[in-house]
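For reference, the structure is listed below as C-alpha coordinates.
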2 protein chains.
Amino acid sequence: MATSSAATRGTSAAVSSASTAAARLRVIVPSVADRVADELRLQLAEGVLLPGTRLTESTIAEDLGVSRNTVREAFAELASERLVVRHPNRGVFVASLEAGDIHDVYTVRRTIEVSAIRGGGSPEAVAAVRAAVEEGKLAAAANDDEGLGTANQHFHGAIVALAGSRRLNTIMSQVLAEMRLFFHKATMDAHFYSGYLKDNEEICEALEAGELERAAELLLAYLDRSEEKQAEVHGE
Amino acid sequence: MATSSAATRGTSAAVSSASTAAARLRVIVPSVADRVADELRLQLAEGVLLPGTRLTESTIAEDLGVSRNTVREAFAELASERLVVRHPNRGVFVASLEAGDIHDVYTVRRTIEVSAIRGGGSPEAVAAVRAAVEEGKLAAAANDDEGLGTANQHFHGAIVALAGSRRLNTIMSQVLAEMRLFFHKATMDAHFYSGYLKDNEEICEALEAGELERAAELLLAYLDRSEEKQAEVHGE
DNA sequence: AATCGAAGGATTGTTGAACAATCGATAAAT
DNA sequence: ATTTATCGATTGTTCAACAATCCTTCGATT
(Lines give C-alpha, C1' and ligand atoms only; values in the text may rest on other atoms or scores of the structure.)
Protein backbone atom coordinates (compact mmCIF):
# COMPACT_ATOMS: atom_id res chain seq x y z
CA MET A 1 0.00 0.00 0.00
CA ALA A 2 2.47 2.55 1.16
CA THR A 3 5.17 1.49 -1.23
CA SER A 4 2.73 1.18 -4.11
CA SER A 5 1.77 4.84 -3.89
CA ALA A 6 5.41 5.85 -4.07
CA ALA A 7 5.92 3.54 -7.04
CA THR A 8 2.93 4.83 -8.93
CA ARG A 9 3.97 8.37 -8.32
CA GLY A 10 7.41 7.59 -9.62
CA THR A 11 6.11 6.08 -12.86
CA SER A 12 3.42 8.65 -13.51
CA ALA A 13 5.82 11.54 -13.11
CA ALA A 14 8.48 10.21 -15.44
CA VAL A 15 8.93 13.60 -17.07
CA SER A 16 8.75 15.78 -14.03
CA SER A 17 12.10 15.64 -12.32
CA ALA A 18 10.72 17.30 -9.23
CA SER A 19 8.55 14.56 -7.82
CA THR A 20 11.03 11.78 -8.52
CA ALA A 21 13.74 13.81 -6.88
CA ALA A 22 11.48 14.33 -3.93
CA ALA A 23 10.87 10.62 -3.75
CA ARG A 24 14.58 9.90 -4.01
CA LEU A 25 15.76 12.68 -1.76
CA ARG A 26 13.29 11.64 0.87
CA VAL A 27 15.90 11.52 3.60
CA ILE A 28 14.69 9.44 6.43
CA VAL A 29 14.94 11.77 9.36
CA PRO A 30 14.68 9.60 12.43
CA SER A 31 12.36 10.98 15.03
CA VAL A 32 13.89 12.42 18.15
CA ALA A 33 12.71 9.43 20.11
CA ASP A 34 14.49 7.16 17.67
CA ARG A 35 17.69 9.11 17.99
CA VAL A 36 17.48 8.94 21.75
CA ALA A 37 16.99 5.21 21.52
CA ASP A 38 19.96 4.98 19.16
CA GLU A 39 22.17 6.92 21.53
CA LEU A 40 21.18 4.73 24.44
CA ARG A 41 21.64 1.60 22.39
CA LEU A 42 25.13 2.78 21.58
CA GLN A 43 26.01 3.45 25.18
CA LEU A 44 24.62 0.07 26.11
CA ALA A 45 26.71 -1.70 23.49
CA GLU A 46 29.84 0.16 24.48
CA GLY A 47 29.43 -0.72 28.10
CA VAL A 48 29.05 2.87 29.22
CA LEU A 49 25.80 1.81 30.80
CA LEU A 50 26.33 -1.40 32.68
CA PRO A 51 23.63 -3.95 33.43
CA GLY A 52 21.57 -3.04 36.44
CA THR A 53 22.15 0.68 36.04
CA ARG A 54 19.10 2.76 36.63
CA LEU A 55 18.02 5.13 33.91
CA THR A 56 16.24 8.13 35.32
CA GLU A 57 13.90 9.81 32.90
CA SER A 58 14.58 13.38 33.93
CA THR A 59 18.35 12.90 33.96
CA ILE A 60 18.50 11.48 30.49
CA ALA A 61 16.04 14.02 29.19
CA GLU A 62 18.27 16.78 30.50
CA ASP A 63 21.49 15.20 29.29
CA LEU A 64 20.23 14.73 25.77
CA GLY A 65 18.27 17.94 25.68
CA VAL A 66 14.91 16.38 25.00
CA SER A 67 11.59 16.11 26.74
CA ARG A 68 10.75 13.51 29.33
CA ASN A 69 7.97 12.20 27.14
CA THR A 70 10.37 11.59 24.32
CA VAL A 71 12.72 9.70 26.59
CA ARG A 72 9.73 7.67 27.61
CA GLU A 73 9.05 6.66 24.03
CA ALA A 74 12.68 5.71 23.57
CA PHE A 75 12.42 3.55 26.70
CA ALA A 76 9.42 1.77 25.25
CA GLU A 77 11.43 0.96 22.17
CA LEU A 78 14.38 -0.36 24.15
CA ALA A 79 12.13 -2.31 26.46
CA SER A 80 10.57 -4.07 23.50
CA GLU A 81 14.08 -5.15 22.56
CA ARG A 82 14.74 -6.39 26.08
CA LEU A 83 17.75 -4.13 26.38
CA VAL A 84 16.07 -2.45 29.26
CA VAL A 85 13.61 -3.60 31.89
CA ARG A 86 10.71 -1.64 33.28
CA HIS A 87 9.91 -1.92 36.95
CA PRO A 88 6.51 -0.29 37.33
CA ASN A 89 6.64 2.89 39.35
CA ARG A 90 10.31 2.30 39.99
CA GLY A 91 11.96 3.07 36.73
CA VAL A 92 13.84 1.37 33.94
CA PHE A 93 17.09 -0.46 34.41
CA VAL A 94 19.69 -1.76 32.02
CA ALA A 95 18.81 -5.40 31.51
CA SER A 96 21.10 -7.84 33.21
CA LEU A 97 21.08 -11.35 31.88
CA GLU A 98 21.15 -14.12 34.42
CA ALA A 99 22.33 -17.66 33.91
CA GLY A 100 18.95 -18.78 32.62
CA ASP A 101 18.86 -15.95 30.13
CA ILE A 102 22.19 -16.92 28.65
CA HIS A 103 20.95 -20.43 28.01
CA ASP A 104 17.75 -19.04 26.59
CA VAL A 105 19.55 -16.75 24.20
CA TYR A 106 21.66 -19.62 22.96
CA THR A 107 18.56 -21.74 22.52
CA VAL A 108 17.18 -19.10 20.22
CA ARG A 109 20.45 -18.91 18.35
CA ARG A 110 20.70 -22.67 17.93
CA THR A 111 17.14 -22.81 16.65
CA ILE A 112 17.49 -20.05 14.12
CA GLU A 113 21.08 -20.34 12.97
CA VAL A 114 21.13 -24.08 12.55
CA SER A 115 17.86 -24.04 10.69
CA ALA A 116 19.11 -21.27 8.45
CA ILE A 117 22.32 -23.02 7.53
CA ARG A 118 20.46 -26.23 6.81
CA GLY A 119 18.47 -24.33 4.20
CA GLY A 120 21.57 -23.46 2.25
CA GLY A 121 20.67 -20.08 0.86
CA SER A 122 21.39 -18.17 -2.32
CA PRO A 123 24.91 -17.76 -3.70
CA GLU A 124 24.95 -14.09 -2.72
CA ALA A 125 23.95 -14.96 0.80
CA VAL A 126 26.73 -17.54 0.97
CA ALA A 127 29.12 -14.95 -0.36
CA ALA A 128 28.13 -12.67 2.50
CA VAL A 129 29.09 -15.38 4.96
CA ARG A 130 32.45 -15.74 3.26
CA ALA A 131 32.92 -11.97 3.38
CA ALA A 132 32.36 -12.01 7.13
CA VAL A 133 35.00 -14.70 7.51
CA GLU A 134 37.53 -12.65 5.57
CA GLU A 135 36.61 -9.59 7.57
CA GLY A 136 37.48 -11.55 10.68
CA LYS A 137 40.83 -12.63 9.26
CA LEU A 138 41.76 -9.06 8.45
CA ALA A 139 40.82 -7.91 11.93
CA ALA A 140 42.87 -10.71 13.43
CA ALA A 141 45.87 -9.78 11.29
CA ALA A 142 45.55 -6.20 12.48
CA ASN A 143 45.19 -7.28 16.10
CA ASP A 144 41.88 -5.46 16.16
CA ASP A 145 39.90 -7.14 18.93
CA GLU A 146 36.95 -4.87 18.51
CA GLY A 147 36.87 -5.59 14.79
CA LEU A 148 37.10 -9.29 15.49
CA GLY A 149 34.01 -9.11 17.61
CA THR A 150 31.91 -7.27 15.07
CA ALA A 151 33.16 -9.54 12.30
CA ASN A 152 31.98 -12.49 14.32
CA GLN A 153 28.57 -10.92 14.68
CA HIS A 154 28.48 -10.23 10.96
CA PHE A 155 29.26 -13.88 10.40
CA HIS A 156 26.32 -15.06 12.42
CA GLY A 157 24.10 -12.39 11.01
CA ALA A 158 25.01 -13.59 7.53
CA ILE A 159 24.18 -17.15 8.49
CA VAL A 160 20.71 -16.18 9.58
CA ALA A 161 20.36 -14.13 6.40
CA LEU A 162 20.69 -17.37 4.48
CA ALA A 163 17.07 -18.01 5.31
CA GLY A 164 16.12 -14.81 3.52
CA SER A 165 13.56 -13.87 6.12
CA ARG A 166 13.19 -10.27 7.20
CA ARG A 167 11.65 -11.31 10.49
CA LEU A 168 14.34 -13.81 11.34
CA ASN A 169 16.94 -11.17 10.56
CA THR A 170 15.49 -8.65 12.97
CA ILE A 171 15.03 -11.29 15.63
CA MET A 172 18.68 -12.18 15.27
CA SER A 173 19.83 -8.56 15.49
CA GLN A 174 17.88 -8.15 18.67
CA VAL A 175 19.40 -11.28 20.15
CA LEU A 176 22.87 -10.10 19.20
CA ALA A 177 22.14 -6.74 20.77
CA GLU A 178 21.10 -8.54 23.92
CA MET A 179 24.34 -10.47 23.91
CA ARG A 180 26.43 -7.35 23.60
CA LEU A 181 25.03 -6.45 26.98
CA PHE A 182 27.15 -8.99 28.77
CA PHE A 183 29.88 -9.52 26.21
CA HIS A 184 32.25 -6.81 27.27
CA LYS A 185 32.93 -8.78 30.39
CA ALA A 186 34.48 -11.46 28.23
CA THR A 187 35.62 -9.28 25.38
CA MET A 188 38.81 -8.41 27.17
CA ASP A 189 39.95 -11.94 26.66
CA ALA A 190 41.53 -11.87 23.22
CA HIS A 191 41.60 -15.65 23.02
CA PHE A 192 37.87 -15.57 23.18
CA TYR A 193 37.46 -14.80 19.53
CA SER A 194 40.71 -16.17 18.19
CA GLY A 195 39.45 -19.72 18.42
CA TYR A 196 36.21 -18.82 16.71
CA LEU A 197 38.02 -17.70 13.63
CA LYS A 198 39.00 -21.20 12.61
CA ASP A 199 35.51 -22.48 13.37
CA ASN A 200 33.95 -19.86 11.16
CA GLU A 201 36.31 -20.71 8.33
CA GLU A 202 35.46 -24.38 8.58
CA ILE A 203 31.74 -23.79 8.74
CA CYS A 204 31.93 -21.48 5.77
CA GLU A 205 33.83 -24.03 3.72
CA ALA A 206 31.31 -26.73 4.45
CA LEU A 207 28.55 -24.34 3.47
CA GLU A 208 30.26 -23.42 0.23
CA ALA A 209 30.81 -27.08 -0.54
CA GLY A 210 27.12 -27.75 -0.10
CA GLU A 211 27.72 -30.04 2.85
CA LEU A 212 24.89 -28.48 4.75
CA GLU A 213 24.42 -31.17 7.35
CA ARG A 214 28.06 -31.05 8.30
CA ALA A 215 27.99 -27.27 8.41
CA ALA A 216 24.99 -27.46 10.69
CA GLU A 217 26.74 -29.86 13.03
CA LEU A 218 29.82 -27.70 13.19
CA LEU A 219 27.74 -24.65 13.90
CA LEU A 220 25.82 -26.46 16.59
CA ALA A 221 29.00 -27.60 18.29
CA TYR A 222 30.34 -24.09 18.05
CA LEU A 223 27.28 -22.63 19.72
CA ASP A 224 27.38 -25.21 22.49
CA ARG A 225 31.00 -24.42 23.21
CA SER A 226 30.32 -20.71 23.07
CA GLU A 227 27.49 -21.03 25.55
CA GLU A 228 29.69 -23.02 27.86
CA LYS A 229 32.37 -20.36 27.79
CA GLN A 230 29.88 -17.63 28.43
CA ALA A 231 28.38 -19.52 31.33
CA GLU A 232 31.91 -19.93 32.67
CA VAL A 233 32.77 -16.27 32.50
CA HIS A 234 29.39 -15.20 33.73
CA GLY A 235 29.09 -18.15 36.03
CA GLU A 236 28.77 -18.48 39.75
CA MET B 1 -10.74 2.60 35.35
CA ALA B 2 -11.11 5.53 37.70
CA THR B 3 -11.79 3.17 40.60
CA SER B 4 -8.45 1.45 40.28
CA SER B 5 -7.00 3.57 43.07
CA ALA B 6 -9.61 2.23 45.44
CA ALA B 7 -8.71 -1.32 44.50
CA THR B 8 -5.02 -0.89 45.13
CA ARG B 9 -5.67 0.86 48.39
CA GLY B 10 -7.81 -2.04 49.49
CA THR B 11 -5.09 -4.60 48.86
CA SER B 12 -2.39 -2.60 50.54
CA ALA B 13 -4.40 -2.20 53.72
CA ALA B 14 -5.73 -5.73 53.75
CA VAL B 15 -2.80 -7.40 55.45
CA SER B 16 -0.50 -6.34 58.21
CA SER B 17 2.26 -8.92 57.75
CA ALA B 18 4.22 -7.06 55.24
CA SER B 19 6.82 -8.21 52.78
CA THR B 20 5.97 -11.78 51.79
CA ALA B 21 2.27 -11.11 51.62
CA ALA B 22 2.85 -7.93 49.69
CA ALA B 23 5.04 -9.79 47.27
CA ARG B 24 2.41 -12.43 46.76
CA LEU B 25 -0.59 -10.16 46.72
CA ARG B 26 1.18 -7.81 44.38
CA VAL B 27 -1.62 -7.48 41.92
CA ILE B 28 -0.20 -6.51 38.61
CA VAL B 29 -2.05 -3.38 37.70
CA PRO B 30 -1.30 -2.84 34.04
CA SER B 31 -0.51 0.70 33.18
CA VAL B 32 -3.08 2.66 31.27
CA ALA B 33 -0.91 2.49 28.19
CA ASP B 34 -0.85 -1.28 28.50
CA ARG B 35 -4.60 -1.46 28.81
CA VAL B 36 -5.01 0.71 25.75
CA ALA B 37 -2.64 -1.59 23.87
CA ASP B 38 -4.63 -4.58 25.10
CA GLU B 39 -7.88 -3.09 23.93
CA LEU B 40 -6.47 -2.32 20.52
CA ARG B 41 -4.90 -5.75 20.28
CA LEU B 42 -8.32 -7.21 21.00
CA GLN B 43 -10.03 -5.16 18.36
CA LEU B 44 -7.31 -6.10 15.92
CA ALA B 45 -7.72 -9.80 16.63
CA GLU B 46 -11.49 -9.59 16.36
CA GLY B 47 -11.33 -7.88 13.04
CA VAL B 48 -13.01 -4.73 14.27
CA LEU B 49 -10.02 -2.88 12.96
CA LEU B 50 -9.17 -4.15 9.53
CA PRO B 51 -5.72 -3.99 7.91
CA GLY B 52 -4.98 -0.63 6.40
CA THR B 53 -7.28 1.23 8.74
CA ARG B 54 -5.88 4.45 10.01
CA LEU B 55 -5.68 4.95 13.73
CA THR B 56 -5.94 8.58 14.65
CA GLU B 57 -4.39 9.45 17.98
CA SER B 58 -6.94 12.00 19.08
CA THR B 59 -9.89 9.83 18.12
CA ILE B 60 -8.68 6.83 20.05
CA ALA B 61 -7.65 8.97 22.97
CA GLU B 62 -11.16 10.37 23.12
CA ASP B 63 -12.88 7.03 22.61
CA LEU B 64 -10.95 5.33 25.37
CA GLY B 65 -10.91 8.33 27.65
CA VAL B 66 -7.16 8.64 27.89
CA SER B 67 -4.55 11.14 26.94
CA ARG B 68 -2.99 11.39 23.54
CA ASN B 69 0.42 10.72 25.00
CA THR B 70 -0.79 7.48 26.47
CA VAL B 71 -2.22 6.37 23.16
CA ARG B 72 1.15 7.18 21.69
CA GLU B 73 2.87 4.81 24.10
CA ALA B 74 0.39 2.11 23.26
CA PHE B 75 1.13 2.64 19.59
CA ALA B 76 4.82 2.19 20.24
CA GLU B 77 4.09 -1.12 21.89
CA LEU B 78 1.91 -2.32 19.03
CA ALA B 79 4.39 -1.12 16.46
CA SER B 80 7.12 -3.17 18.10
CA GLU B 81 4.87 -6.18 17.63
CA ARG B 82 4.32 -5.31 13.98
CA LEU B 83 0.58 -5.19 14.50
CA VAL B 84 0.66 -1.61 13.44
CA VAL B 85 2.84 0.40 11.10
CA ARG B 86 4.02 3.93 11.64
CA HIS B 87 4.19 6.27 8.68
CA PRO B 88 6.17 9.27 9.88
CA ASN B 89 4.09 12.40 10.07
CA ARG B 90 1.17 10.53 8.59
CA GLY B 91 -0.04 8.31 11.35
CA VAL B 92 -0.25 4.68 12.29
CA PHE B 93 -2.15 2.11 10.28
CA VAL B 94 -3.25 -1.40 11.00
CA ALA B 95 -0.58 -3.60 9.48
CA SER B 96 -1.58 -5.35 6.31
CA LEU B 97 0.43 -8.37 5.38
CA GLU B 98 1.31 -8.75 1.75
CA ALA B 99 2.18 -11.93 -0.09
CA GLY B 100 5.83 -11.73 0.93
CA ASP B 101 4.91 -11.27 4.55
CA ILE B 102 2.81 -14.40 4.60
CA HIS B 103 5.71 -16.44 3.32
CA ASP B 104 7.99 -14.76 5.80
CA VAL B 105 5.73 -15.53 8.72
CA TYR B 106 5.58 -19.15 7.71
CA THR B 107 9.35 -19.25 7.39
CA VAL B 108 9.61 -18.16 10.99
CA ARG B 109 7.05 -20.74 12.03
CA ARG B 110 8.79 -23.55 10.18
CA THR B 111 12.10 -22.61 11.73
CA ILE B 112 10.87 -22.43 15.28
CA GLU B 113 8.15 -25.05 15.41
CA VAL B 114 10.04 -27.79 13.60
CA SER B 115 13.12 -27.18 15.69
CA ALA B 116 11.05 -27.29 18.86
CA ILE B 117 9.34 -30.55 18.04
CA ARG B 118 12.66 -32.13 17.10
CA GLY B 119 13.84 -31.41 20.63
CA GLY B 120 11.09 -33.50 22.16
CA GLY B 121 10.44 -31.60 25.36
CA SER B 122 9.42 -32.54 28.87
CA PRO B 123 6.43 -34.82 29.61
CA GLU B 124 4.42 -31.87 30.91
CA ALA B 125 5.11 -29.92 27.75
CA VAL B 126 4.00 -32.88 25.66
CA ALA B 127 0.89 -33.15 27.80
CA ALA B 128 0.13 -29.53 26.98
CA VAL B 129 0.24 -30.37 23.29
CA ARG B 130 -2.16 -33.24 23.88
CA ALA B 131 -4.45 -30.93 25.83
CA ALA B 132 -4.61 -28.54 22.92
CA VAL B 133 -5.57 -31.38 20.62
CA GLU B 134 -8.40 -32.42 22.90
CA GLU B 135 -9.48 -28.81 23.19
CA GLY B 136 -9.79 -28.75 19.44
CA LYS B 137 -11.85 -31.92 19.37
CA LEU B 138 -14.27 -30.50 21.91
CA ALA B 139 -14.64 -27.31 19.94
CA ALA B 140 -15.26 -29.30 16.78
CA ALA B 141 -17.91 -31.39 18.51
CA ALA B 142 -19.61 -28.21 19.64
CA ASN B 143 -19.39 -26.67 16.19
CA ASP B 144 -17.47 -23.81 17.75
CA ASP B 145 -15.44 -22.36 14.91
CA GLU B 146 -13.98 -19.63 17.06
CA GLY B 147 -12.93 -22.19 19.64
CA LEU B 148 -11.40 -24.32 16.93
CA GLY B 149 -9.22 -21.47 15.87
CA THR B 150 -7.93 -20.69 19.32
CA ALA B 151 -7.38 -24.38 20.02
CA ASN B 152 -5.26 -24.57 16.93
CA GLN B 153 -3.20 -21.65 18.12
CA HIS B 154 -2.83 -23.27 21.52
CA PHE B 155 -1.59 -26.37 19.75
CA HIS B 156 1.16 -24.53 17.96
CA GLY B 157 1.98 -22.49 21.01
CA ALA B 158 2.37 -25.73 22.95
CA ILE B 159 4.69 -27.08 20.30
CA VAL B 160 6.98 -24.11 20.57
CA ALA B 161 6.80 -24.41 24.34
CA LEU B 162 8.45 -27.81 23.99
CA ALA B 163 11.72 -25.94 23.59
CA GLY B 164 11.25 -24.43 27.02
CA SER B 165 12.50 -21.04 25.90
CA ARG B 166 10.86 -17.89 27.15
CA ARG B 167 12.10 -15.92 24.19
CA LEU B 168 10.92 -18.40 21.60
CA ASN B 169 7.54 -18.42 23.29
CA THR B 170 7.10 -14.68 23.06
CA ILE B 171 8.36 -14.64 19.49
CA MET B 172 5.75 -17.24 18.64
CA SER B 173 2.94 -15.32 20.34
CA GLN B 174 3.83 -12.27 18.35
CA VAL B 175 3.85 -14.21 15.13
CA LEU B 176 0.48 -15.72 15.96
CA ALA B 177 -0.84 -12.26 16.75
CA GLU B 178 0.37 -11.10 13.39
CA MET B 179 -1.40 -13.98 11.70
CA ARG B 180 -4.67 -13.18 13.39
CA LEU B 181 -4.51 -9.96 11.43
CA PHE B 182 -5.36 -11.64 8.18
CA PHE B 183 -6.95 -14.82 9.43
CA HIS B 184 -10.53 -13.65 9.72
CA LYS B 185 -10.65 -13.48 5.99
CA ALA B 186 -10.27 -17.23 5.93
CA THR B 187 -11.86 -17.99 9.25
CA MET B 188 -15.28 -17.94 7.71
CA ASP B 189 -14.42 -21.13 5.92
CA ALA B 190 -15.22 -23.79 8.47
CA HIS B 191 -13.37 -26.42 6.49
CA PHE B 192 -10.26 -24.43 7.02
CA TYR B 193 -9.68 -25.81 10.46
CA SER B 194 -11.54 -29.08 10.21
CA GLY B 195 -8.73 -30.64 8.20
CA TYR B 196 -6.13 -29.44 10.64
CA LEU B 197 -7.69 -31.35 13.46
CA LYS B 198 -6.61 -34.71 12.12
CA ASP B 199 -3.14 -33.40 11.38
CA ASN B 200 -2.73 -32.16 14.92
CA GLU B 201 -3.82 -35.49 16.29
CA GLU B 202 -1.33 -37.35 14.14
CA ILE B 203 1.52 -35.02 14.99
CA CYS B 204 0.71 -35.30 18.66
CA GLU B 205 0.70 -39.08 18.53
CA ALA B 206 4.07 -39.17 16.83
CA LEU B 207 5.40 -36.80 19.46
CA GLU B 208 4.04 -38.91 22.30
CA ALA B 209 5.52 -42.02 20.73
CA GLY B 210 8.93 -40.37 20.63
CA GLU B 211 9.03 -40.48 16.84
CA LEU B 212 10.36 -36.99 16.71
CA GLU B 213 11.65 -37.00 13.17
CA ARG B 214 8.32 -38.19 11.84
CA ALA B 215 6.50 -35.63 13.92
CA ALA B 216 8.76 -32.95 12.51
CA GLU B 217 8.06 -34.05 8.95
CA LEU B 218 4.33 -34.08 9.52
CA LEU B 219 4.47 -30.65 11.05
CA LEU B 220 6.54 -29.32 8.20
CA ALA B 221 4.12 -30.69 5.63
CA TYR B 222 1.27 -29.21 7.60
CA LEU B 223 2.86 -25.77 7.61
CA ASP B 224 3.59 -25.92 3.91
CA ARG B 225 0.01 -26.81 3.17
CA SER B 226 -1.24 -24.12 5.50
CA GLU B 227 0.88 -21.50 3.82
CA GLU B 228 -0.37 -22.58 0.45
CA LYS B 229 -3.97 -22.23 1.55
CA GLN B 230 -3.32 -18.83 3.03
CA ALA B 231 -1.60 -17.68 -0.12
CA GLU B 232 -4.59 -18.93 -2.03
CA VAL B 233 -7.13 -17.05 0.03
CA HIS B 234 -4.98 -13.99 0.22
CA GLY B 235 -3.44 -14.58 -3.11
CA GLU B 236 -3.17 -12.97 -6.45
C1' DA C 1 17.98 -2.33 70.90
C1' DA C 2 15.03 -3.89 67.46
C1' DT C 3 10.77 -3.53 65.17
C1' DC C 4 7.18 -1.14 63.47
C1' DG C 5 4.85 2.76 61.55
C1' DA C 6 4.45 7.42 60.01
C1' DA C 7 6.20 11.62 57.35
C1' DG C 8 9.24 13.36 53.49
C1' DG C 9 11.36 13.45 49.17
C1' DA C 10 12.04 11.75 44.72
C1' DT C 11 10.43 9.58 40.56
C1' DT C 12 7.15 7.64 37.79
C1' DG C 13 2.52 7.55 35.42
C1' DT C 14 -0.74 10.34 33.27
C1' DT C 15 -2.99 14.33 31.84
C1' DG C 16 -3.75 18.66 29.38
C1' DA C 17 -2.44 22.27 26.54
C1' DA C 18 0.40 24.38 23.40
C1' DC C 19 3.18 24.96 19.09
C1' DA C 20 5.96 23.97 14.80
C1' DA C 21 6.37 20.73 11.07
C1' DT C 22 4.33 18.08 7.84
C1' DC C 23 0.89 15.93 5.01
C1' DG C 24 -3.56 15.77 1.97
C1' DA C 25 -6.83 17.96 -0.34
C1' DT C 26 -9.02 21.75 -2.16
C1' DA C 27 -9.02 25.84 -4.76
C1' DA C 28 -6.70 29.19 -7.77
C1' DA C 29 -3.70 30.41 -11.55
C1' DT C 30 -1.00 29.58 -15.57
C1' DA D 1 -4.61 19.91 -17.64
C1' DT D 2 -0.77 20.77 -14.88
C1' DT D 3 1.25 23.43 -11.58
C1' DT D 4 1.12 26.39 -7.59
C1' DA D 5 -0.66 28.29 -3.45
C1' DT D 6 -3.59 27.89 0.54
C1' DC D 7 -5.90 25.74 4.22
C1' DG D 8 -7.21 22.31 7.57
C1' DA D 9 -6.04 18.34 10.05
C1' DT D 10 -2.76 15.43 12.31
C1' DT D 11 1.53 14.29 13.98
C1' DG D 12 5.91 15.18 16.63
C1' DT D 13 7.56 17.35 20.54
C1' DT D 14 7.77 20.21 24.44
C1' DC D 15 6.32 22.01 28.84
C1' DA D 16 3.99 22.12 33.16
C1' DA D 17 1.25 20.13 36.44
C1' DC D 18 -0.60 16.56 39.61
C1' DA D 19 -1.69 12.00 41.81
C1' DA D 20 0.23 7.59 42.87
C1' DT D 21 3.87 5.06 44.26
C1' DC D 22 8.25 3.85 46.00
C1' DC D 23 12.45 4.36 49.04
C1' DT D 24 14.45 6.36 52.94
C1' DT D 25 14.73 8.61 57.07
C1' DC D 26 13.16 9.50 61.35
C1' DG D 27 10.55 8.66 65.42
C1' DA D 28 7.69 6.08 68.34
C1' DT D 29 6.56 1.85 70.62
C1' DT D 30 7.42 -2.41 72.87
Side-chain angles (χ1 to χ4, degrees), chain A residues 1-2 5-6 8-9 12-23 25-37 53-79 84-93, chain B residues 1-13 15-23 25-37 53-79 84-93:
Chain A
M1 277 283 209
S5 74
T8 55
R9 168 165 300 186
S12 70
V15 184
S16 158
S17 65
S19 67
T20 62
L25 285 184
R26 191 98 212 89
V27 180
I28 313 147
V29 181
S31 74
V32 177
D34 284 337
R35 272 177 297 176
V36 171
T53 307
R54 179 176 187 173
L55 301 180
T56 310
E57 292 181 356
S58 45
T59 304
I60 293 182
E62 210 171 312
D63 286 358
L64 300 183
V66 298
S67 149
R68 240 187 83 207
N69 268 323
T70 302
V71 173
R72 210 148 224 286
E73 282 200 38
F75 280 172
E77 204 172 320
L78 296 176
V84 124
V85 177
R86 281 195 115 113
H87 287 237
N89 287 317
R90 293 204 27 196
V92 315
F93 299 79
Chain B
M1 326 170 173
T3 58
S4 68
S5 68
T8 56
R9 172 164 299 182
T11 60
S12 68
V15 187
S16 58
S17 75
S19 65
T20 65
L25 285 183
R26 191 101 213 88
V27 180
I28 313 146
V29 181
S31 73
V32 176
D34 284 337
R35 274 177 294 174
V36 171
T53 307
R54 179 175 189 175
L55 302 180
T56 310
E57 293 181 355
S58 45
T59 304
I60 293 182
E62 210 172 310
D63 286 358
L64 300 183
V66 300
S67 150
R68 237 187 85 205
N69 268 323
T70 302
V71 173
R72 207 147 225 284
E73 282 199 37
F75 280 172
E77 205 171 320
L78 297 176
V84 123
V85 177
R86 282 195 111 114
H87 288 233
N89 286 319
R90 294 205 26 200
V92 315
F93 300 78

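Basis for what follows: all heavy atoms, side chains included, without hydrogens, waters or symmetry-related copies. The chains referred to below are lettered A, B, ... by the order of the sequence lines, with proteins before strands, and numbering in each begins at 1.
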N/O-N/O pairs, protein side and nucleotides 9-11 of chain C side, under 3.5 Å:
{"unit_1": "C:dT11", "atom_1": "O3'", "unit_2": "A:R54", "atom_2": "NH2", "d": "3.3"}

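- The distance between atom CZ of B:R72 and atom C1' of C:dG13, rounded to the nearest whole Å, is 17 Å.
- Residues A:L64 and A:V71 are not in side-chain contact: their nearest non-hydrogen atoms beyond the backbone lie 4.5 Å or more apart.
- At whole-Å resolution of the value, NE2 in B:H87 and P in C:dT22 are 18 Å apart.
- Taking CG of A:L55 as the start and CZ of A:R86 as the end, the distance is 10.5 Å to the nearest 0.5 Å.
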Output a table of nitrogen or oxygen pairs between the protein and nucleotides 15-17 of chain D separated by less than 3.5 Å.
{"unit_1": "D:dC15", "atom_1": "N4", "unit_2": "A:N69", "atom_2": "ND2", "d": "2.8"}

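- Atom-to-atom, CD of B:E73 to P of C:dT12 comes out at 12 Å; the value is rounded to the nearest Å.
- Note: A:E73 CD to B:N69 CG = 7.5 Å, rounded to the nearest 0.5 Å.
- At least one side-chain nitrogen or oxygen of B:T70 sits closer than 4.0 Å to the OP1 or OP2 atom of C:dT15.
- Taking both residues in full, the closest heavy atoms of A:F75 and A:I60 are given as CZ-CD1, 3.8 Å, listed atom of the first, atom of the second, then distance.
- If you take CZ of A:R35 and P of D:dG12, they are 13 Å apart, rounded to a whole angstrom.
- For the pair B:L64 CG and C:dT14 C1', the computed distance is 15 Å after rounding to whole Å.
- Note that CZ of B:F93 and OG1 of B:T56 are 8.5 Å apart. Values are rounded to the nearest 0.5 Å.
- Panel note: side chain B:R54, backbone B:R90; a donor-acceptor pair is recorded below 3.5 Å.
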- request: Tell me, with the steps shown, if B:V32 and B:R35 meet side-chain contact (heavy atoms from CB on, under 4.5 Å).
  value: CA-CA 5 Å; B:V32 176; B:R35 274 177 294 174; 3.4 Å; yes

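- Regarding B:D34, its CG atom lies at a distance of 14 Å from the C1' atom of C:dT12, rounded to whole Å.
- B:A37 and B:A74 make their closest contact through N-CB, 3.8 Å (heavy atoms, listed as atom of the first residue, atom of the second, distance).
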